[in-house]
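All remarks here apply to the structure that follows.
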Amino acid sequence: MKYQRPKGTADILPGESEKWSYVEDTARLLFDDYQFHEIRTPLFENFEVFSRSAGDTSDVVTKEMYDFHDKGDRHIALRPEGTAGVVRAYVENKLYAPEQEKPYKVFYMGQMYRYERPQSGRMREFHQIGVEAFGSDSPAVDVEVMAMAMDFFKQLGVTNLKLAINSLGDKETRAAYHQALVDYLEPHMAELSEDSQARLHKNPLRVLDSKDKHDQEIVADAPSILDFLTPTAQNHLDSVTSMLTALAIPFEVDATMVRGLDYYNHTIFEIESQSPALGRGWTTICGGGRYNGLVEELGGPETPGFGFGIGMERLLLLLQDQDITAPIDNPLDVYVVGIGEATNVESLKLVQAIRGAGFSADRDYMDRKPKAQFKTADRRHARMTMTIGEQELTDQTVNVKNMATGDQTTVPLSEVYTDFAGMFDKYFDED
RNA sequence: GCGGUAUUGGUGAAGUGGUUAACACACUGGUUUGUGGAUCCAGCACGCGUGAGUUCGAUUCUCACAUACCGCCCCA
């Protein structure tokens, strides 16, 4: 094979693309109910947009970014996630202006890029559906957005999901906790895994997230961030949990949960599945939270924000695993069977007339035998066939067959051309 | 970035250091000069991921590379 797609990319072919559309359509419908509106931002941004927002120590920035210098020597990066670009657009278009309603609610869907080792549900080019709500500190926003995410999965029929939440608190919380955690971990320095040792000073929160068994044992007794929340942060978390309870949305608080991107604070959450399709244990299919400093970080006024991202590839694997299929239906109303090359033009006119009447139609282009054409019509689940051969051509008629019942009649071509819909109803009354 | 496994036709796959690479599905044609998930028959890899090497000879052995999958890392 001379050419193959780049590592970690996929061709989404018909058969598969319908599922994508279904998921996207479902999202659009639901997000509209919550009055989120679509925003489309560039697939690439200046490198700094991502490095500033994600945090310079994050893996996304340090090793997963698809970046390059363009012909104008601009340092460009393909977006590794959706939030940064949206925040940049929010700032650049002055959507924080007083006349804009707050919160300013948007959603996006599209491809993201991360230079990673591909695995099931992890691609270099992958897709996310995400939402962002800017301008409100209210815990109600946190809850509503999380509720919307849960609602989305419910709409799709996905079950067995777990909503885990945590609070990263505010600046003071983090500073205090950061110190406490380092104080706790440093005596164990030698016991920690290599990775965690490296993380200890760069970003100690990440040690909490270590998958290393021994690390986990050590971490188990580490101080909890929840004990360091400032009154403000505690109030915020309390409001969130009580509202989730009021909405009867089950959740659990996971004090060790952190996020891969550094811009989060206060509420963070993940929606996880333990489908074997996604590997062992719980896998995140939706992650998000509050990012109150991010807009400022990218040059805007101090503006709170809350959002999430859903991994499309993972979601689709999950749907497949749970045998959830898209209600695919692009039914074929009429298959035109043409017998002999002489009928070619008439067949063409027929399918076009039928399509013009608002029905779907297809035909054979290979001059195949009637048997083969009927076979195709059957396989395509055509509701009706219209057969035209030499005899019909001279008579200016067409043979109409109801594929479900096998009934056949002969109809003047003129009737098809002048009133296909009427003809269809008359000869093809299905009930 | 580090480990492991894999790579045969449109698809699922069997297989061997040596003249013709099983079988099944799909597809096409015939059995039925113009009617549909059946039967039977036939056709369908100038080639066994790419490149190099070993060998008298490689799809089968070795190496490199590519890709996929799994684990680590990390994450959606």
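Chain identifiers are assigned alphabetically (A, B, ...) following the order of the sequence lines, protein sequences preceding nucleic acid strands; residue numbering begins at 1 within each chain.
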The Watson-Crick or G-U wobble partner of B:rA64, with both key distances under 3.5 Å, is B:rU50
When the P atoms of B:rG3 and B:rA64 are compared, how many Å lie between them, rounded to an integer? 11 Å
With sugar-phosphate meaning primed atoms plus P, OP1 and OP2, does A:Gly121 contact a base, only sugar-phosphate, or nothing at under 4.0 Å between heavy atoms? base
With a 4.0 Å cut-off on heavy atoms, is A:Met112 in touch with a base, just the backbone sugar-phosphate, or nothing at all? nothing
In terms of relative ring orientation, are A:Phe47 and A:His75 parallel, tilted or perpendicular, with 30° and 60° separating the classes? parallel
Which nucleotide, if any, forms a Watson-Crick or G-U wobble pair with B:rC72, using both distances under 3.5 Å? B:rG1
Parallel, tilted or perpendicular, as decided by the 30° and 60° cut-offs, for the rings of A:Tyr104 and A:Phe134: tilted
Using the P atom in both, what is the distance from B:rU16 to B:rA21, to the nearest Å? 16 Å
Under 4.0 angstrom, heavy atoms only, what part of the nucleic acid is A:Arg117 near: base, sugar-phosphate, or nothing? base
Atom CG of A:Leu161 and atom P of B:rA76: how far apart are they, to the nearest Å? 16 Å
Contact class for A:Gln391 vs. all strands (heavy atom < 4.0 Å): base, sugar-phosphate, or nothing? base
Nearest-nucleotide pick for A:Arg314, side chain only, options being B:rG34, B:rG29, B:rA76: B:rA76
Counting distance only, does the side-chain N/O of A:Glu45 pair as donor-acceptor with the main-chain N or O of A:Arg79 below 3.5 Å? no
Rounded distance (Å) that lies between atom C1' of B:rA76 and atom NE2 of A:His127: 12 Å
To the nearest angstrom, how far is A:Arg5 atom CZ from B:rA66 atom P? 16 Å
Could you identify the nucleotide paired to B:rG10, looking across every strand shown and requiring Watson-Crick or G-U wobble geometry with both distances under 3.5 Å? B:rC25
For A:Val240 and A:Ile165, the nearest pair of non-hydrogen atoms, with its separation, is CG1-CD1, 4.2 Å
Measuring only the P atom in each nucleotide, how far is B:rU54 from B:rC27? A whole number of Å is fine. 47 Å
Any base atoms under 4.0 Å from A:Ile285, or only sugar-phosphate, or nothing? Heavy atoms, all strands. sugar-phosphate
Partner nucleotide, any strand, of B:rC40 [Watson-Crick/G-U, under 3.5 Å]: B:rG30
A:Gln4 side-chain proximity, nearest of B:rA66, B:rC75, B:rG34: B:rA66
Tell whether A:Lys401 reaches the base of B:rU35 with its side chain through a donor-acceptor pair below 3.5 angstrom. yes
If you measure from the P atom in B:rU60 to the same atom in B:rC69, how many Å do you get, rounded? 24 Å
Going by atom types alone, do A:His266 and A:Asp170 pair a side-chain donor with an acceptor below 3.5 Å? no
How far does the C1' atom of B:rU8 sit from the matching atom of B:rA58, given to the nearest Å? 14 Å
What integer distance in Å separates A:Phe152:CZ from B:rA76:C1'? 13 Å
Polar side-chain contact A:Glu392-B:rG34 base: donor and acceptor under 3.5 Å: yes
Once you apply a heavy-atom cut-off of 4.0 Å, does A:Gly406 come out as touching a base, just sugar-phosphate, or nothing? base
Cation-aromatic face contact A:Arg124/A:Tyr115, 6.0 Å, 45 degrees: yes
Take atom NZ of A:Lys7 and atom P of B:rG1, then tell me their distance rounded to the nearest Å. 8 Å
Which is true for A:Met123 with a 4.0 Å heavy-atom rule: it touches a base, it touches only sugar-phosphate, or it touches nothing? base
Would you say the base of B:rU35 and the side-chain of A:Gln373 have a donor-acceptor pair closer than 3.5 Å? no
Gap between atoms CZ and P, on A:Arg379 and B:rG37 respectively (whole Å): 11 Å
Need one value for A:Lys369: base, sugar-phosphate or nothing, where a base atom within 4.0 Å counts as base even if backbone is also close, heavy atoms only. sugar-phosphate
What does A:Glu116 touch in the nucleic acid at a heavy-atom separation under 4.0 angstrom: a base, only the sugar-phosphate, or nothing? base
Nearest listed nucleotide, side chain of A:Arg368, among B:rA68, B:rG37, B:rG29: B:rG29
Let me confirm one number: the CE-NZ distance from A:Met148 to A:Lys105, rounded to the nearest 0.5 Å. 8.0 Å
Round to a whole Å and report the spacing from CZ of A:Arg114 to P of B:rC73. 17 Å
Phosphate oxygens OP1/OP2 of B:rC70: is one of them under 4.0 Å from a side-chain N or O of A:Ser120? yes
Could you give the distance separating B:rG15 and B:rA45 at their C1' atoms, to the nearest angstrom? 14 Å
Using whole Å, report how far NZ of A:Lys375 lies from C1' of B:rG29. 11 Å
Nearest-Å distance once atom C1' is located in both B:rU50 and B:rU67: 10 Å
Need the pair for B:rA45. Rule: Watson-Crick or G-U wobble, both distances under 3.5 Å, any strand; none if unpaired. none
Of A:Gly8 and A:Glu270, the one whose nearest nucleotide on RNA chain B sits closer to the 5' end is A:Gly8
Using heavy-atom distances to pick each residue's nearest nucleotide on RNA chain B, tell me which of A:Met312 and A:Gln119 is more 5'. A:Gln119
By the Watson-Crick or G-U definition, both distances under 3.5 Å, B:rG18 is matched with B:rC56
Assign A:Thr284 to base, sugar-phosphate, or nothing according to its heavy-atom contacts below 4.0 angstrom with the strands shown. sugar-phosphate
Validate the cation-pi geometry between A:Lys349 and A:Tyr417: distance from NZ or CZ to the six-membered ring centre under 6.0 Å, angle to the ring axis within 45°. yes
Fit a plane to each ring of A:Phe152 and A:Phe31, take the angle between them on a 0 to 90° scale, and name the class: parallel (under 30°), tilted (30 to 60°) or perpendicular (over 60°). tilted
If we take the P atom in both B:rG12 and B:rA26, what is their distance in whole Å? 15 Å
Among the nucleotides B:rG34, B:rG29, B:rG36, whichever has the atom closest to the side chain of A:Thr387 is B:rG34
